[in-house]
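Step one of this worksheet: look at the structure below.
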Amino acid sequence: MELPAKYDPALTEDKWYAYWLENKFFHSEPDEREPYTVVIPPPNVTGILHMGHVLNNTLNDVLVRKARMDGKNACWVPGTDHASIATENKVVQKLAAEGIKKEDLTREEFLKHAWEWKEKHGGIILSQLRKLGASCDWDRTKFTMDPDLSDAVISTFVYFYNKGYIYRGVRMVNWDPVGLTAVSDEEVVHKDTVSKFYHLRYFISDGNGNPTDKYIIIATTRPETIMADAAICINPADERYEWLKGQKVLIPLINKEIPIIEDSYVAMDFGTGCLKVTPAHDVNDYEIGMRHNLPVLDIIDDHGRLNEKAQILVGEDRFDARKKIVGMLQEAGNLEKMENYTSPIGYSERTNAVIEPRLSMQWFLKMDELAKDALESVESGAVKLIPDKYRNTYRHWMENVRDWCISRQLWWGQRIPAYYLPDGQVVVAETAEAALEQAQKINAAYTAEDLRQDEDVLDTWFSSWLWPISVFDTYKAGHPEAEPNADLAYYYPTNDLVTGPDILFFWVARMIMAGNEFMNDVPFRNVYLTGIVRDKLGRKMSKTLGNSPDPLDLIAKYGADAVRLGMLLCSSAGNDILYDESQIEQGRNFNNKVWNAFRLVTGWTVDAAAAQPEASAVAVKWFENKLSQVVETVNDHFAKFRISDALMTIYKFFWDDFCAWYLEAVKPAYGAGIDKVTYDATIGFFDALLKMIHPIMPFITEELWQNMSERQPGETIMTQRYPQAKAYDADFIAAFEMACEAVAGVRNIRQSKGLSPREALELKVKGAFPMEVAPVVTKLANVNIGVAEGDMSAAQRFMVRTVEMFVPMEGLINVEEEIKKLETDLAYYQKFLASVRGKLSNERFVANAPEAVVAVERKKESDALSKIESITASLNALKK
RNA sequence: GGGAGCAUAGCUCAGUUGGUUUAGAGCAUCUGCCUUACAAGCAGAGGGUCGGGGGUUCGACUCCCUCUGCUCCCACCA
């Protein structure tokens, strides 16, 4: 078979992915093997693949494929997340573009549109993952709103409600006026924002609601909320405002009389020391209001517009109202001054709208007990975070967690299974029928018509926190007492979770809580936290910057294997990835290297009569030993999740050790055949190398493995065993390295003297060179090796460790230059010797340092001495 | 405002209980090669007072303090 000189991934990738699917190699069923389980961090169902997904899923796939080849029963469960607020937003926008307003639709009509949208766009990302080579068990694909997964969510709600962990209450929540829903604290992003600090005059009332000429100044960033002011608050210790106590002031523009109150919350050194208290629109103010029994006046509606309670500017958006009211205040003589002011403002993570703190009735889940256990899971090491610097962050969050607001004023999601009765009571049950039964216990006359289900749905994370359980067993979530089904019993807990640190709390921590609660065991053993993919300038990749390449374009251009390797090259755990297309080029180049090595080896013809050359025998012995050593190193890297180290070890093993040294050492002369012993060994090594590379580059390795010899239908490299490390001879490996250094030394001399590699040279050795590896030096350096005797001053000299090597070259030696070079070397070693002797003559060093360390220093000393001696000898010879 | 982390070659990073020569890798750079697998390549080479200062130690890239510069997380001073 004739292979082209350049590898074309387009010809192989789809073919082999289809083959893997056809043969169901990704599919897993429980059996007697040890399981290796991973659940995918479910991407948004309508999302499309971005570089972050590529990084994450490549890492995941590498781990899964490695485990599979280590003989484990690997199961990688894929799926998608319904992402309630994000998806609902997209549907609302799509409908808006068609002139349909959400308000005009019923819940059922809207959900019909949403499901249509999901059917149309859902799962695109999963097909994109196939292009990347992800070896997910697609038969197990799940969606967080699959009917049975939704049932699990509802059961979970009922379970926690009955346990007393879920309660409903009026609280100050983070209101998203664009998404029209409350969001959790974690969904609020604080960004420093430049705004204005308005200094407003509030005139003192004369007692009858008329202004006097005295006033105080209040500093605020939100003048549009003054109509909702319930009081002005000062610090009781503030002497400046002693005179104010007991007075009343008038709200500008509407002349409403409000009291002066005192509360030590107010900072005397901030602003003017006078705080306007607006309980409905600020969390702190709300708390002050509670302490002082102030009325709560809510003047902002769901959309962030002023309502009729504001009396003025009714119907205006809060930001328009702010501009307008400033003008009005100025005209009325209430604006003292305004200054620029930068302060952190909360934005909705999903819609980027400025969060409006707002009082509303919401459902909450108590977190204190759950958080305590989840913290313990990480502190005890039951769950390992990689890198472990995240333990600190995790602890901090778990110790300061607040109750989780789980209700969302949306339609896309699992509807809260709470039913309101005409008498105001609430019943919570998994179904409407069960709810009615409960209701009838309260009043037998109630009928289904009397029950009104809560309009809200649950936070998306309230379903995804069940993911490692519910993808296997949808009944167990919400029913801790139930026996797990066979799948869950076998696959849980999962082994590794690969995800971004940005959802450590949203998702990872909550999965640990759910796991502890329902399974009495953690959901995974290791959490590998990736970095964020940035461009090479360090900027986060984003659509607006346009600095995010489309992974599918990259795959089309370079091949999935190249993209995978390119992403992994620079991905140490927890560190951000500075993505640069040159890394993917490097991946492509490596593909090509592997391809061409294969062309070379399979192009050889075996000469059955040929005896094995000595150099080949040495090379085979060396590579056998080296292979075991490298497999050992690679396994160690994998065990410690040092994936990029594992990759680089394999990369260098293939490129440097195998191609540059081994293949060159065993390569037959042009046109000649290769002996069978060497050929078989080489094919064996290639086979092992392909297996080692396979988890990283699955496509090209399958292609070559299939081409290497006749394969039966249904055979695959995917399920072959990873090479095993055997005992190896480290001394022999070291000896071979000396041979390589000798070859490099000769090549260096050829280069500096302009000598062709074809011209055979003499190499004279002085010292303890391991002669068993000499045949390799002979072949690769094209030299005849002999022992150095007599005057070597007419030879070019170099050293391999402590062995002196000479390449005689009468007439080509530049004596001046050689002397200079030797003198530089001599100076170096003399200085080095001095520093070593400095140490050795220090009694405290000799007394305190471990014996081995001292021995090393003595070895350094003797090595340096012997080098100085040989350099001096050469110098003397030259100077004669 | 509170907390955490980082700073090592031009770039991206290793450096695994403080001791294997006077610090490593990949990429990039320079030099010479179209050598019959591969120019997406081959052979060689250069390049770092380990952010600054101080301390502990026989010994510090590694531990402690401090300064500087970045990054991230958390956070209700209007």
Side-chain angles (χ1 to χ4, degrees), chain A residues 3 5-7 172 185 190 197 218-222 233 265-267 269-272 274-278 282-287 341 343-344 346 357 387 389-393 396-397 400 501-502 504-505 532 536 538 558 562 569-572 574-578 580 582-583 585-586 588-603 636 640 642 644-645 648-649 651-652 659-660 663-664 667 669-671 743-744 747-748 750-752 754 756-758 828-829 831-832 835-836 839 842-850 852-857 859-861 863-864:
Chain A
L3 293 172
K6 283 188 171 39
Y7 171 60
M172 193 57 90
D185 293 334
H190 292 269
F197 217 13
I218 274 89
T220 180
T221 54
R222 300 204 59 190
C233 190
Y265 166 79
V266 178
D269 56 357
F270 187 83
T272 61
C274 291
L275 171 70
K276 75 194 231 358
V277 183
T278 318
D282 185 279
V283 184
N284 299 302
D285 291 13
Y286 178 70
E287 278 162 19
Y341 182 66
S343 61
K389 66 176 176 184
Y390 285 106
R391 279 176 61 165
N392 288 328
T393 326
H396 184 258
W397 192 76
N400 294 284
D502 49 332
L504 184 56
F505 310 125
I532 293 164
K536 61 178 162 183
Y558 297 103
L569 269 173
C570 53
S571 61
S572 51
N575 285 343
D576 285 357
I577 311 306
L578 267 63
D580 185 4
S582 70
Q583 289 153 201
E585 277 179 38
Q586 195 182 341
R588 177 201 58 184
N589 295 354
F590 185 58
N591 272 274
N592 208 45
K593 188 71 186 176
V594 175
W595 180 257
N596 277 296
F598 185 81
R599 287 175 64 218
L600 173 70
V601 170
T602 52
D636 184 51
K640 292 171 181 157
R642 292 197 297 244
S644 58
D645 286 351
M648 191 44 66
T649 304
Y651 177 96
K652 286 193 286 188
C659 293
L663 288 181
E664 292 301 327
K667 199 186 215 175
Y670 182 60
V743 171
R747 283 173 178 167
N748 198 357
R750 284 187 193 276
Q751 170 133 353
S752 66
S756 161
R758 296 166 196 275
Y828 172 91
Y829 285 112
K831 204 173 148 202
F832 176 66
S835 96
V836 172
K839 260 193 201 176
N842 181 335
E843 273 173 41
R844 289 201 289 173
F845 169 73
V846 179
N848 292 326
V853 175
V854 178
V856 166
E857 292 302 315
K859 173 91 162 57
K860 287 185 200 170
E861 183 188 29
D863 285 359

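On a predicted model such as this, the values are computed, not experimentally measured, just so you know. Lettering of chains follows the sequences in order, A, B, ..., and the numbering in each one begins at 1.
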* **Set of ring pair (Phe, Tyr, Trp, His ring centres under 6.0 Å) partners for A/Phe505, sequence neighbours left out** => A/Trp397
Pick out the pairs of N or O atoms, protein on one side and nucleotides 16-19 of chain B on the other, that lie under 3.5 Å.
unit_1	atom_1	unit_2	atom_2	d
B/rU16	O2	A/Arg642	NH1	2.4
B/rU16	O2	A/Arg642	NH2	2.9
B/rU16	N3	A/Arg642	NH2	3.4

* Check every atom of B/rU36, B/rU22, B/rC77 against the side chain of A/Tyr828 and return the nucleotide holding the closest atom. => B/rU22
* **Gap between atoms CD and P, on A/Glu857 and B/rG59 respectively (whole Å)** => 13 Å
* **For atom OH of A/Tyr7 and atom P of B/rA39, their distance in whole Å** => 18 Å
* Using atom C1' of each nucleotide, how far apart are B/rU62 and B/rC77 to the nearest Å? -> 43 Å
* Structure fact -> note: A/Asp185, atom CG; B/rC74, atom P; distance rounded to Å ~ 11 Å
* Candidate nucleotides B/rC77, B/rA37, B/rC13, ranked by approach to the side chain of A/Leu663 - the nearest -> B/rA37
* To do: Identify whether any heavy atom of A/Lys6 sits under 4.0 Å from a base atom; if not, whether one sits that close to sugar-phosphate; answer base, sugar-phosphate or nothing.
  => base
Would you tabulate the nitrogen or oxygen pairs shorter than 3.5 Å linking the protein to nucleotides 8-10 of chain B?
none

* **Dot-bracket notation for RNA chain B, counting Watson-Crick and G-U pairs under 3.5 Å, with | for partners on another strand** => (((((((..((((.....[....)))).(((((.......))))).....(((((..]....))))))))))))....
* To do: Name the nucleic acid region contacted by A/Val266, choosing base, sugar-phosphate or nothing; use a 4.0 angstrom heavy-atom cut-off, strictly under.
  => base
* Asked: Has A/Arg844 got a side-chain N or O lying under 4.0 Å from the OP1 or OP2 atom of B/rC58?
  -> yes
* Structure fact -> Rounded to whole Å, the NE2-P distance (A/His396 to B/rC72) equals 18 Å
* Among the nucleotides B/rA75, B/rC58, B/rC74, which one has an atom lying closest to any side-chain atom of A/Asn842? -> B/rC58
* Asked: Can you tell me how far P of B/rC6 sits from NZ of A/Lys389, to the nearest Å?
  -> 7 Å
* To do: Treat primed atoms plus P, OP1 and OP2 as sugar-phosphate and everything else as base, then score nucleotides 41-50 of chain B 5' to 3': B for base contact with protein heavy atoms under 4.0 Å, S for sugar-phosphate contact only, - for none.
  => SSBSS-----
* Asked: Whole-Å distance between B/rC73 P and A/Asn400 CG?
  -> 17 Å
* To do: Would you tell me whether A/Arg588 and A/Asn591 have side-chain atoms, one donor and one acceptor, within less than 3.5 Å of each other?
  => no
* **Protein-nucleotide distance (A/Glu861, atom CD; B/rU21, atom C1'), rounded to Å** => 13 Å
* To do: Describe the nucleic acid contact of A/Ser582 in one word from base, sugar-phosphate, nothing, applying a heavy-atom distance below 4.0 Å.
  => nothing
* **Length of the CG-P vector between A/Leu600 and B/rC38, whole Å** => 9 Å
* Structure fact -> Taken in chain and number order and not counting sequence neighbours, the residues that satisfy ring pair (Phe, Tyr, Trp, His ring centres under 6.0 Å) with A/Tyr7 are A/Trp595
* Asked: When all nucleic acid strands are considered with a 4.0 Å heavy-atom cut-off, which category describes A/Ser343: base, sugar-phosphate, or nothing?
  -> sugar-phosphate
* To do: Quick one: label A/Lys667 by what it contacts on the DNA or RNA (base, sugar-phosphate, nothing), any heavy atom closer than 4.0 Å.
  => base
* To do: Look at A/Asp636 together with A/Arg642 and state whether they make a salt bridge at an N to O cut-off of under 4.0 Å.
  => yes
* Is A/Tyr341 touching bases, backbone alone, or none of the nucleic acid, heavy atoms closer than 4.0 Å? -> sugar-phosphate
